[in-house]
**Student:** 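What follows is a structure written as structure tokens; I'll ask about it next.
Here is how names work: the chains are called A, B, and so on, in the same order as the sequence lines, proteins then strands, and each is numbered from 1. Basis for what follows: all heavy atoms, side chains included, without hydrogens, waters or symmetry-related copies.
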Protein chains: 2
Amino acid sequence: MHSFTEENYLKAIYKLQETNGEVVATSALAQVMGVHAPSVTDMLKRMGQKKLVSYQKSKGVKLTEKGRQVAIGIVRNHRLWEVFLVEKLGYGWDEVHDIAEQLEHIQGEELINKLDAYLGFPKTDPHGDPIPDAKGVLPKLKSVLLSSLKEGEEATFTGVSDHSTSFLHYLDKAGIALGDMLKVKSIEQYDQTYTLALKGKREVTVSHKVANSILVS
Amino acid sequence: MHSFTEENYLKAIYKLQETNGEVVATSALAQVMGVHAPSVTDMLKRMGQKKLVSYQKSKGVKLTEKGRQVAIGIVRNHRLWEVFLVEKLGYGWDEVHDIAEQLEHIQGEELINKLDAYLGFPKTDPHGDPIPDAKGVLPKLKSVLLSSLKEGEEATFTGVSDHSTSFLHYLDKAGIALGDMLKVKSIEQYDQTYTLALKGKREVTVSHKVANSILVS
DNA sequence: TAATATATTTAGACTCATCTAATTTAAAAA
DNA sequence: TTTTTAAATTAGATGAGTCTAAATATATTA
């Protein structure tokens, strides 16, 4: 139906729209796609003709409704396959991204719905990101950054805002896992370092950078 | 590593070598790949330079050892994913080919080995075709055609030589499933029609064409 | 507002995998 | 062995997705 390249552009535009606002710049897209700007211009022209995006010369690009549907489908595929890799094949949450980048392009509505059922209709992927349902509806999770909590407050670790392997590794090493209850014991005024109490009374001290990459609710 | 197209050519050459002998003709390849002959000539030149095939102008092609390894890897992927689709997702054996054609190109040795382990290291796919192991060794199954059996002989249904959806459908409808014990009750001399006794004393009569597409051992 | 810096697009070229039309090579038949 | 037929290759073109270098818009700052 659509080429892998088109799908990857759609996904990238979708994500940039989520984080950086409605209109996406050529250069931003070039950066995340790992290509040079003129390639993006060319691609956007082609995708504009196919009504996947609405593109105005030198004004940036937005997804059309059609493009948005495709993008959400890719996100759904990606996240469900990640669940499969972790839950069924025993991969770590830090190892599944690249494989899911391939699997997300496998076509077939029935396939992904069967996979969804097989996995028990999970609501989130191994990083806590929400999985769109078969109709493309994305469950809104109302999580906040750990760094927004005050001393004494308590919450459940539900997701990460930094998906890098190195950060996920760090969390593994620090023994902080998705679903853990975290209580803010103290916040160091000088450098915004957070001391957390985890299950079993274990205490961990994390930097502000880390507190800024942890989502809780 | 290799493009999907290259992988599909390698698989096609591999299968043609299995059935039609060592050297594969441009036209045969064009036919199974669904492209025109000049496209094949071009592709074989490129693949020859990459040492995936040994190609001699107007003399046909053979796989190199390197090409053969890649081809067997694809076959391994294809068949393991078929097992997954049938055993885990509940697909029918007649529905999985096209999806597996996509999944077979997913890269990652670790992935396919983990999938293999998850499935319990199956020896055959849902059609009874042998699955190469992690080292690329294909278990030799010594099966024969049902049509080679004589009256009174008995054997287990272990595979099909016709993989078409329509044939698989026919077998489903006739209630003949992989693993069934089949006994040749009688063979009609006039038109080589086979009357078979299945488990539970059920009798089924099948044409010579069907007897020629069923493998037993 | 004018000058400068940055972002974007045009122009022209490359690779991969394909096509059609024309030509050449190999095989089969006379 | 010559002729005819079939198979394979060359030649030239196309579309997708990319590139570099040059030109043009847009934004920023003086």
Side-chain angles (χ1 to χ4, degrees), chain A residues 1-13 16-17 19-63 66-67 70-71 74 101-102 104-105 107, chain B residues 1-14 16-17 19-63 67 70-71 74 101-102 104-105 107:
Chain A
M1 195 60 186
H2 307 102
S3 71
F4 285 17
T5 308
E6 279 172 345
E7 292 188 348
N8 286 332
Y9 271 90
L10 290 172
K11 190 178 57 157
I13 296 167
L16 286 167
Q17 282 191 302
T19 53
N20 299 18
E22 218 200 331
V23 175
V24 174
T26 304
S27 52
L29 209 36
Q31 217 228 302
V32 314
M33 291 298 296
V35 299
H36 291 222
S39 310
V40 173
T41 301
D42 284 358
M43 194 64 191
L44 292 181
K45 280 184 196 165
R46 285 190 290 270
M47 289 173 71
Q49 300 201 316
K50 293 188 185 178
K51 307 282 182 204
L52 291 169
V53 298
S54 87
Y55 166 62
Q56 303 216 75
K57 247 213 272 236
S58 296
K59 294 262 156 64
V61 72
K62 293 188 267 189
L63 291 179
K66 185 179 167 194
V70 176
I74 306 294
E101 291 266 289
Q102 298 182 62
E104 70 190 6
H105 300 292
Q107 298 296 314
Chain B
M1 195 61 183
H2 307 102
S3 71
F4 285 17
T5 309
E6 279 171 344
E7 292 188 349
N8 286 332
Y9 271 89
L10 289 172
K11 190 178 55 156
I13 297 166
Y14 176 81
L16 286 167
Q17 281 190 303
T19 52
N20 299 17
E22 216 200 332
V23 175
V24 174
T26 304
S27 53
L29 209 37
Q31 216 227 301
V32 314
M33 290 299 297
V35 300
H36 291 221
S39 312
V40 174
T41 301
D42 284 358
M43 193 65 191
L44 293 182
K45 281 185 195 164
R46 285 191 290 269
M47 290 173 72
Q49 299 199 317
K50 294 188 184 177
K51 308 282 184 205
L52 291 169
V53 298
S54 87
Y55 166 62
Q56 297 201 305
K57 248 214 268 234
S58 295
K59 295 261 156 63
V61 264
K62 294 188 267 188
L63 292 180
V70 176
I74 306 294
E101 291 265 291
Q102 298 182 63
E104 71 190 4
H105 300 292
Q107 298 298 312

**Student:** Evaluate the ring planes of F4(A) and H105(A), with Trp represented by its six-membered ring, and classify them as parallel (under 30°), tilted (30 to 60°) or perpendicular (over 60°).
**Tutor:** parallel
**Student:** Between S27(B) and dA8(D), is there a contact of a side-chain N or O with OP1 or OP2 at under 4.0 Å?
**Tutor:** yes
**Student:** Is a side-chain donor or acceptor of Q102(A) paired with a backbone partner of Q107(B) at a separation under 3.5 angstrom?
**Tutor:** yes
**Student:** The criterion is salt bridge (Lys or Arg N to Asp or Glu O under 4.0 Å); which residues satisfy it with E7(B), sequence neighbours excluded?
**Tutor:** none
**Student:** Could you state the atom-to-atom distance from CE of M47(B) to C1' of dC16(C) in whole Å?
**Tutor:** 13 Å
**Student:** Between atom CZ in R46(B) and atom P in dT9(D), what is the gap in whole Å?
**Tutor:** 14 Å
**Student:** List in chain and number order the residues that pass ring-ring contact (aromatic ring centres under 6.0 Å, His included) with H2(A), two or more places apart in sequence or in another chain; answer none if no residue qualifies.
**Tutor:** none
**Student:** Rounded at 0.5 Å granularity, tell me how far CZ in R46(B) sits from OG1 in T41(B).
**Tutor:** 10.5 Å
**Student:** Between V35(A) and Y9(A), which heavy-atom pair has the shortest distance, and what is it?
**Tutor:** CG2-OH, 3.7 Å
**Student:** Quick check: closest heavy atoms across K59(A) and V23(A), and the distance to 0.1 Å?
**Tutor:** O-CG1, 3.3 Å
**Student:** Other residues, nucleotides and ligands only: do more than 12 of their heavy atoms fall within 6.0 Å of NZ on K66(A)?
**Tutor:** yes
**Student:** Given atom NZ of K45(B) and atom C1' of dA8(D), what is their separation to the nearest angstrom?
**Tutor:** 10 Å
**Student:** Considering non-hydrogen atoms only, spot the tightest contact between I13(A) and V24(A) and give its length.
**Tutor:** O-CG2, 3.9 Å
**Student:** Donor-acceptor pairs under 3.5 angstrom involving side-chain atoms of residues 47-55 of chain A: please list them, not counting sequence neighbours.
**Tutor:**
from, atom 1, to, atom 2, distance (Å)
K50(A), NZ, E6(A), OE2, 2.4

**Student:** Check A12(A) against V32(A) and note the closest heavy-atom contact, atom names and distance.
**Tutor:** CB-CG2, 3.7 Å
**Student:** What residues from residues 4-11 of chain A pass a heavy-atom cutoff of under 4.0 Å to DNA chain C?
**Tutor:** none
**Student:** To the nearest Å, give me how far apart CG (L44(B)) and P (dT18(C)) are.
**Tutor:** 11 Å
**Student:** Can you check the M43(B) CE to dA8(D) C1' distance for me, whole Å?
**Tutor:** 18 Å
**Student:** From the list dA17(C), dT8(C), dA8(D), which nucleotide is the closest neighbour of the side chain of A25(A)?
**Tutor:** dT8(C)
**Student:** Nearest nucleotide by nearest heavy atom, which residue falls closer to the 5' end of DNA chain C, T26(A) or S3(B)?
**Tutor:** T26(A)
**Student:** For residues 52-61 of chain B, which residues have at least one heavy atom under 4.0 Å from DNA chain D?
**Tutor:** Y55(B), K57(B), S58(B)
**Student:** Sort me out a list of protein N/O and nucleotides 19-21 of chain C N/O pairs below 3.5 Å, or just none if empty.
**Tutor:**
from, atom 1, to, atom 2, distance (Å)
dC19(C), OP2, H36(B), N, 2.9
dC19(C), OP2, S39(B), OG, 2.4
dT20(C), OP2, H36(B), ND1, 2.8

